[in-house]
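Here the structure comes first, spelled out in structure tokens, and everything after it is commentary.
Chain A is the first sequence line, chain B the second, and so forth, proteins listed ahead of strands; every chain is numbered from 1.
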Amino acid sequence: MPQVISPARPRRTTELLLLILALGIGLGAHLLSAVGMDQEITSEYWVQTGVLTIMALVFHLVLRLKARYADPYILPIVVTLNGLGIAMIHRLDLESGDSAATRQLMWTVVAMGSAIVLLWFLRDHRLLRRRTYLFLAAAGLLLLLPLIPGLGMEINGARIWINVGVGSFQPGEVAKIMLAIFFAGYLSANRDLILLAGKKVGPVTFPRFRDMAPLVIAWIISMGVLVFQRDLGSAILFFGLFMAMIYLATSRVSWIILGLLLVGIGGLIAVNTISHVGLRVSAWLNAFDPEVYNRQGGSFQIVQGLFGLASGGLLGTGLGEGRPDIVAYANSDMIVASFGEELGMIGLAAIIMLYVLLVTRMMRAALGTRDTFGKLLAAGLAFTMALQCFVVIGGVTMVIPLTGLTTPFMAAGGSSLLANWIVVALVLLVSQAARRPVVVGPMVNASGAGSGHQDRTDPDAPASASAPSPPQTPMPAPGAPGGER
Amino acid sequence: MNQAIRNTWATAVALFLVLLVAISVIQVVAADTLKNNDFNSRQLYQEFGAPRGPILVDGEPIAESVESSDDFKFQRVYHDGPLYSGLTGFYSLIFGATGLEEKMNRYLAGTSDGQFIDRIVELFSGTPLEGAQVELTIDPAMQRAAYDALPAGVQASVVITDPQTGRILAMASRPSYDTNLLATHSATQARANMEDLQAVTGLSPYINRPTQTLAAPGSTFKLIDTVAMLESGQYQPDQVLDLPDRITLPNSNTPLPNFAGGLCGRHSQQTLEWIFAQSCNTPFAQAAMELGQDRIRTTAENFGFNQGLEIPLSVIPSRFPDDLDDAALAQSSVGQRDVAATALQMNMVAAAIANDGTLMKPQLIDTIRGADLTTLEQPQPEVYKNSTTPEVAAQVTEMMKEVVRSGTAWQSRSDQVEIAAKTGTAQLGAEDSNVNSWITGFAPADDPQVAVTLVYQNTDYEAGHTLTATNMKRIMEAVVVQ
């Protein structure tokens with residue numbers, strides 16, 4: 001059956017329409033929470049929506065100019081999530097008197113701005129491949145920054161923030177992206193060596209140490225730093241990123257199994273030796289034990305989150321009508337619980353589906369692009385985002401112990417927002433490379449149809465679709481089976 | 001590599017599926033279990049955020065929810081707190097609910113079956129559900145008169161009921177407290193207030209004294225003895241009985257004397273009627289030993305002893321013990337030793353006699369109406385026990401009239417209304433000179449409208465005796481002449 005190849009279409013109009021819908025959802029959430037709380041709708045609401053609208057439209061414009069063929073769905077999904085996040089943070093602000101929404105809005109501007117700058121100046125994601133070791137160095141530096149005495153801040157027993165004047169920033173988030181670029185770059189360059197040059201032990205081929213060395217060293221150092229900083233959530237993410245990249249590059253499941261075994265052993269050791277971890281796990285296992293519930297660092301937070309979710313039920317209490325503020329960190333770590341309470345299971349499931357769609361579109365970009373680096377980068381970042389969502393929402397719903405990770409795009413937290421928007425920019429670049437029409441040279445066929453000879457000499461030759469006269473022909477990019485764009 | 005990408009995507013989707021299952025479990029399947037968990041204070045916030053139904057007396061609220069500007073949208077306000085605190089109980093953020101606030105919670109919070117339709121409407125319209133209003137049988141004027149009959153600093157109860165229907169017209173006690181102290185939304189304030197209240201001797205906000213405190217009934221128990229004696233056919237009101245000054249209890253050296261200051265010592269024989277009016281102990285002790293413990297116990301139980309009750313407040317069972325030897329029986333027959341009764345119980349005894357021997361079930365609820373004033377419940381008078389025959393009741397009534405006319409309750413004699421009563425003085429112990437002073441009776445004697453019981457616990461004899469009799473008269477005059 002012949003493959004249907006549809007012509008490349010930019011589909012930016014689709015994106016614009018969806019973007020309007022996304023902004024509408026954000027605005028709607030904002031207004032409904034005001035209605036639900038019987039609050040007046042002040043200019044604050046319009047300012048917040050206005051800023052988000054302007055930034056979204058500028059982003060859209062930049063995409064039109066610089067990445068015309070990028071995936072049309074990613075930006076609207078992310079804007080929806082970001083808008084919902086701001087609406088909920090603002091709603092919680094009204095209860096607590098904080099102004100976290102303004103901060104979040106400011107960080108949104110910074111994050112989207114950075115993404116726009118990245119999109120504007122980085123013409124092709126493959127340019128990053130040239131500087132992999134630079135990214136490794138940068139990642140290491142960023143991870144170590146919080147340990148510097150004057151700069152680093154210790155909050156809740158973890159040392160992962162630095163003081164940037166206007167607030168706290170978590171360099172680990174950006175380090176994660178840099179490490180991903182490094183892994184993708186290294187693996188795409190040395191993939192064959194890793195796969196083929198090595199000793200065979202039983203059914204498993206182990207690569208040569210020198211091939212794996214930079215990778216393993218980079219990984220061990222980052223894990224070590226994270227464990228030392230007590231940022232276990234990020235440690236899980238980095239580990240997941242590493243595993244995903246290895247699997248994607250080598251398609252070897254055996255290494256995944258090995259990796260999981262190692263993590264299992266490491267986890268057991270950690271539970272029994274690191275008190276912080278042990279507390280978290282015992283809070284997860286015995287959440288409803290009165291002793292565990294009441295102690296410092298116990299299960300109070302999770303259990304209150306569960307109560308919030310339960311009181312939301314299927315349909316939710318309605319925006320502004322629940323009591324999400326009872327839960328600690330309702331606007332950051334536990335924002336999912338806030339949404340679950342007010343929007344109900346249906347609303348929360350919709351948000352989860354948004355994440356599924358986002359990850360799917362990112363994977364699509366990975367499938368569509370032709371270079372290994374792009375594939376690894378996009379797919380690795382996509383899986384990391386999925387893993388992060390799983391760790392956060394799983395922690396809130398007591399599927400796994402609670403960690404300190406935040407929900408991408410929705411939770412209050414500037415560094416997370418910045419990092420995730422940069423991820424979006426990178427994936428859009430990869431997606432642009434995947435979907436843009438490939439320029440096909442004139443001598444694709446040396447003779448026969450399309451070679452150009454017949455066309456020039458025989459004016460009566462039947463015009464064929466595969467041999468038009470102009471020397472440069474836009475053709476749909478192969479690589480993604482099926483023509484669905 | 002594309003296949004690897006697809007597999008990774010499938011893994012990611014699988015992870016999300018796990019999440020979807022998790023939220024379904026938490027928000028749908030296990031939602032109710034979580035909502036009812038002990039640690040969950042959200043129910044409280046929800047309850048406190050809804051307009052709880054009022055408790056009414058004669059159409060006026062004694063407990064109602066008014067809008068409040070703080071975190072919890074409604075504040076429970078109590079009017080005439082000390083008068084009604086025992087009945088309403090408290091509705092507190094941290095101490096839960098007691099009394100009618102607890103027993104009637106389903107109605108007040110709007111979660112009763114009868115308000116099911118209202119809840120459905122609320123689901124769609126979003127307007128918060130208003131609780132039902134609970135109207136009590138209490139008469140506010142009688143409640144005020146009753147409460148005023150109790151002086152400060154005394155542990156005392158008063159119960160006024162309608163013998164023909166069982167409706168409780170007044171039920172008050174001291175020491176009392178202002179219920180608003182515990183309804184405050186500030187947890188620290190509420191805790192401090194509770195501590196202060198519990199430091200007062202004899203006061204517990206958790207307990208409604210007239211229905212949940214037992215006291216030895218003393219000579220008022222002779223009403224039971226007399227009924228048993230008359231029912232047996234072996235005794236008549238005008239029958240002459242031996243009246244020894246004291247008897248020695250069998251198998252012991254303990255004496256059972258008559259009351260020292262009374263007229264009992266002047267005669268060695270008298271009619272049952274006279275003995276009853278003067279409340280002499282020894283004939284009753286002898287008669288009880290004759291009739292045997294089972295007979296006395298059965299009679300006591302016919303009037304409600306040894307049984308708990310829900311009116312809907314919980315009434316603890318008044319006690320007539322099992323397995324009494326003769327000595328114990330003798331002392332029990334005069335309402336001492338291990339016999340103990342609630343104020344309501346002794347009121348029930350008087351009420352049964354007033355109502356020709358039929359004891360009606362005490363009722364505190366008059367009507368329960370939904371927020372739209374449709375009647376949800378309207379309890380009807382109910383026969384609780386056929387305590388004794390009308391003939392015996394009539395005979396006892398005559399004897400009780402004599403108690404007031406010429407006997408121990410002469411201080412309650414009134415020229416406005418004929419009162420029938422029985423006094424009681426129970427010693428608290430060999431070492432203690434304090435007593436429980438009781439009086440229980442009804443008026444008008446020939447066509448009873450109200451049965452009134454007063455008990456002053458742990459008081460000096462003289463004070464107690466005067467208080468009971470004079471307040472009986474005062475209440476009866478205030479209440480019956482209305």
### Query
Where do L34(B) and A310(A) come nearest, in terms of heavy atoms and distance?
CB-CB, 3.6 Å

### Query
Do L20(B) and M353(A) come close enough that some side-chain heavy atom pair is under 4.5 Å?
yes

### Query
Between L387(A), T372(A), L348(A), which shows the greatest number of heavy-atom pairs under 4.5 Å with chain B?
L348(A)

### Message
For chain B, which candidate among V399(A), L314(A), L306(A) shows the most heavy-atom pairs at distances under 4.5 Å?
### Response
L306(A)

### Summary
Taken in chain and number order and not counting sequence neighbours, the residues that satisfy ring-ring contact (aromatic ring centres under 6.0 Å, His included) with F239(A) are W219(A)

#### Entry: Shortest non-hydrogen contact between A4(B) and S251(A), atoms and distance
CB-OG, 3.6 Å

### Message
I'd like to know which of G394(A), G318(A), G344(A) tops the heavy-atom pair count under 4.5 Å against chain B.
### Response
G344(A)

### Message
Out of A382(A), G316(A), G308(A), G312(A), return the one with the most heavy atom pairs under 4.5 angstrom to chain B.
### Response
G308(A)

### Summary
In this structure, CD1 of I26(B) is separated from CZ of F307(A) (nearest 0.5 Å) by 11.5 Å

### Closest-packed option against chain B by number of heavy-atom pairs under 4.5 Å, given M385(A), E341(A), M345(A)
M345(A)

### Heavy atoms from other residues, nucleotides or ligands near CD of Q3(B) exceed 12 (cutoff 6.0 Å)
yes

## Note on the structure
dist M1(B):CE -> L367(A):CG (nearest 0.5 Å) comes out at 11.0 Å

### Summary
Counting heavy-atom pairs under 4.5 angstrom with chain B, the leader among A249(A), C389(A), G313(A), A349(A) is G313(A)

### Selection from T8(B), T33(B), V25(B), D32(B) maximising heavy-atom pairs under 4.5 Å formed with chain A
T8(B)

#### Entry: Student check: side-chain heavy atoms of I23(B) and L309(A) closer than 4.5 Å
no

Please set out all donor-acceptor pairs under 3.5 angstrom arising from side-chain atoms of residues 9-18 of chain B, sequence neighbours excluded.
| unit_1 | atom_1 | unit_2 | atom_2 | d |
| --- | --- | --- | --- | --- |
| W9(B) | NE1 | T360(A) | OG1 | 3.0 |
| T11(B) | OG1 | N7(B) | O | 2.8 |

